[in-house]
Number of protein chains: 2
Amino acid sequence: MAYTVGQVAKAAGVTVRTLHHYDEISLLSPSGRTAAGYRRYDDADLERLQLIRYYRELGFPLEEIAAILDDPRVDPAAHLRRQHELLTGRIGKLQEMVAAIELAMEARRMNINLTPEERFEVFGDVDPDQYADEAERRWGGSEAYRESNRRVARYGKDDWLRNKAENEDWGRRFVAVMDSGVPADSAEAMALAEEHRQLISRWFYDCSYEIHTGLADMYLADERFTAHYEAIHPGLTAYLAEAIHANAISRA
Amino acid sequence: MAYTVGQVAKAAGVTVRTLHHYDEISLLSPSGRTAAGYRRYDDADLERLQLIRYYRELGFPLEEIAAILDDPRVDPAAHLRRQHELLTGRIGKLQEMVAAIELAMEARRMNINLTPEERFEVFGDVDPDQYADEAERRWGGSEAYRESNRRVARYGKDDWLRNKAENEDWGRRFVAVMDSGVPADSAEAMALAEEHRQLISRWFYDCSYEIHTGLADMYLADERFTAHYEAIHPGLTAYLAEAIHANAISRA
DNA sequence: GCTTGACCCTCACGTGACGGGAGGCCGCAG
DNA sequence: CTGCGGCCTCCCGTCACGTGAGGGTCAAGC
């Protein structure tokens, strides 16, 4: 099976220029040429291109790709295995980034200042304990609370009061359900978990079930959020987290 | 809180040169300068840098990032929400890529030729039904079977015969267990699923439990693999897939 | 058998996002 | 007051292509 540059380009989702470039630097030279000088690619070339595309997607420079592909000690199957590993690693990193985004969203919502290392730790290369006075900035957010209300530009003072009232109303009803002794996966607790989700959605950002369960885990893991909920009522954090999970499962 | 270029660079995992560049193009200009002309970044700058880093990681060009960050219609929380969506989308794409790698690995193992669109469909931009005679190349692999044995360079003829014998032996014993009527999650079936995994690991590539269950799903989804196993014994594919899953769970 | 339009070729310069060095101030620990 | 690490501004280099310019090729249709 032979293919022209155009066909290969279209199939692989690259431009013709890219294939020319790969030919120029001898990363992927077509196995032959026609009498008129047209490039002819065969199945083996496509296989090589597939490996190249995956390595590229993983961020490898072309020179390095050429080196590892032309290494005679590595057989083709090993490349696939390697790419599988690299990809799952990459997925893990992106999931951490998702968690970091959720952290940033909740920090906004609760008016908590993030430290620089919290903002960027998912990008690696952070050298811990270089910010000695972390605790200060970490909790300094409560000081900024009143004035920062103005920072969420589109809300007026009365909006904030209504928001606060709704939150407190929800808190009272949630504590009542909790104290009534029903389990966290009861219909009542789940209904209030759902209300919690909709409260966030209405006031801050569209909170999917996926994000919501992410938040629940974060409340348990991060002492600042735990503190926020434990201050309402001891044991509330764990109970809420369980109710959120149960609610998300039941709606799936 | 004020930071110097070096501090910001170290925290955010970028170089000082990058921050200079962002300043040059007015993507991220420090909120102030010292008397000596030193750049001074504050917390708001870091917040902006966090957004920039995420958008960059997602592949946005700097100019576009500047445009969306400076769009007054978009509030900060919306950016986070947007990045959350983009990230989860990206994760989904990478998971498809992982599946495609697993497909390529199994295709190698079973000597099945992949079509160009199968190699590259995860990269998008494929225009279907442009390869009309797909079916021919799809199944053309069986013809190439005998001669392609030589292509897996490091194996000699006797290696292949031993491999084949081991495979057939496993197949006979698996059919026996299946016909004995025990469920697919019985100890016997799971033991043979485990043997299947180790057979792949010994002869082709290191097959983790994760990959193994990925393969099981593929056997059910892709008719070529289904055909391979159904040819051994009808109903084997589904039984094997279930046994593989049960085995993977029990070892976790 | 000749045109026409889609596709191919080789230069060759342009671009985005920085890397890296030169040459020279700044600031604080000893 | 003297290092020495950190900061500054040019400014050229690089990588992976993008984007024409100028020109040959090929199958389809008239």
Side-chain angles (χ1 to χ4, degrees), chain A residues 2-42 45 48-49 51-69 123-125 127 130-132, chain B residues 2-42 45 48-49 51-69 116 123 125 127 130-132:
Chain A
Y3 313 87
T4 68
V5 259
Q7 289 174 315
V8 174
K10 188 164 263 184
V14 299
T15 66
V16 171
R17 180 65 180 88
T18 299
L19 294 175
H20 285 175
H21 184 60
Y22 290 173
D23 191 2
E24 268 173 42
I25 64 171
S26 308
L27 172 58
L28 178 67
S29 302
S31 53
R33 295 265 186 153
T34 69
Y38 284 26
R39 275 163 256 255
R40 309 254 84 191
Y41 295 85
D42 66 13
D45 295 329
R48 188 176 168 94
L49 180 54
L51 293 177
I52 293 171
R53 286 238 63 195
Y54 274 94
Y55 277 123
R56 278 260 44 182
E57 185 76 27
L58 287 161
F60 284 77
L62 298 186
E63 200 174 341
E64 201 170 330
I65 296 177
I68 56 185
L69 286 186
F123 293 107
D125 316 308
D127 147 16
Q130 73 156 316
Y131 297 95
Chain B
Y3 313 88
T4 69
V5 260
Q7 289 173 316
V8 174
K10 187 163 265 183
V14 299
T15 65
V16 169
R17 180 66 183 86
T18 298
L19 293 175
H20 285 174
H21 184 60
Y22 291 172
D23 191 4
E24 267 173 43
I25 64 172
S26 308
L27 171 60
L28 177 68
S29 301
S31 53
R33 295 262 188 157
T34 69
Y38 283 26
R39 274 163 256 254
R40 307 255 85 193
Y41 295 85
D42 66 13
D45 295 329
R48 187 176 169 93
L49 180 55
L51 293 178
I52 293 171
R53 286 237 62 194
Y54 274 94
Y55 277 124
R56 276 260 58 200
E57 186 76 27
L58 287 162
F60 285 76
L62 298 186
E63 201 174 341
E64 200 168 331
I65 296 176
I68 55 185
L69 287 185
F123 293 107
D125 316 309
D127 149 16
Q130 73 155 319
Y131 297 96

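These numbers were taken from a predicted model, which means no experiment stands behind them. Here is how names work: the chains are called A, B, and so on, in the same order as the sequence lines, proteins then strands, and each is numbered from 1.
- With contacts defined as side-chain heavy-atom distances shorter than 4.5 Å, the pair A:Leu69/A:Tyr55 qualifies.
- Taken to the nearest 0.5 Å, the OG1 atom of A:Thr18 stands 9.5 Å off from the CG atom of A:Leu62.
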Report all side-chain donor-acceptor pairs from residues 19-30 of chain A shorter than 3.5 Å, counting only partners two or more places apart or in another chain.
residue : atom : partner : partner atom : Å
A:His20 : NE2  : A:Arg39 : NH2          : 3.4
A:Asp23 : OD1  : A:Ser29 : OG           : 3.3
A:Asp23 : OD2  : A:Arg33 : NH2          : 3.3
A:Asp23 : OD2  : A:Arg39 : NH1          : 2.5

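- Listed by residue number, B:Ala36, B:Tyr38 are the residues of residues 33-42 of chain B with a heavy-atom contact under 4.0 Å to DNA chain C.
- Nucleic acid contact class of B:Val16 (heavy atoms, under 4.0 Å, all strands): none.
- The backbone N or O of A:Pro61 sits nowhere less than 3.5 Å from a side-chain atom of A:Arg56 that would complete a donor-acceptor pair.
- In this structure, the separation between CD on B:Glu63 and CD1 on B:Ile68 is 12.0 Å, given to the nearest 0.5 Å.
- No side-chain heavy atom of A:Val8 sits less than 4.5 Å from a side-chain heavy atom of A:Val5.
- Side-chain atoms of B:Asp42 do not come within 3.5 Å of backbone N or O of B:Ser31 as any donor-acceptor pair.
- Note that CD of B:Gln7 and OG1 of B:Thr4 are 4.0 Å apart. Values are rounded to the nearest 0.5 Å.
- Considering CD1 of A:Ile65 and CZ of A:Arg53, their distance stands at 10.5 Å, rounded to 0.5 Å.
- In 5' to 3' order, the nucleotides of DNA chain D bounding all contacts with chain A (an atom under 4.0 Å from a heavy atom) are D:dA16 to D:dC26.
- Listed by residue number, B:Arg17, B:His20 are the residues of residues 17-27 of chain B with a heavy-atom contact under 4.0 Å to DNA chain D.
- Of all non-hydrogen atoms in A:Arg40 and A:Ala2, the two that sit nearest each other are NH1-CB, 4.1 Å.
- Direction change of the helix axis from one end of the helix from C:dG1-D:dC30 to C:dG30-D:dC1 to the other is 10°, with five pairs defining each end axis (rounded to 10°).
- Near DNA chain C, meaning a heavy atom under 4.0 Å from it, residues 57-66 of chain B has B:Pro61, B:Leu62 in order of number.
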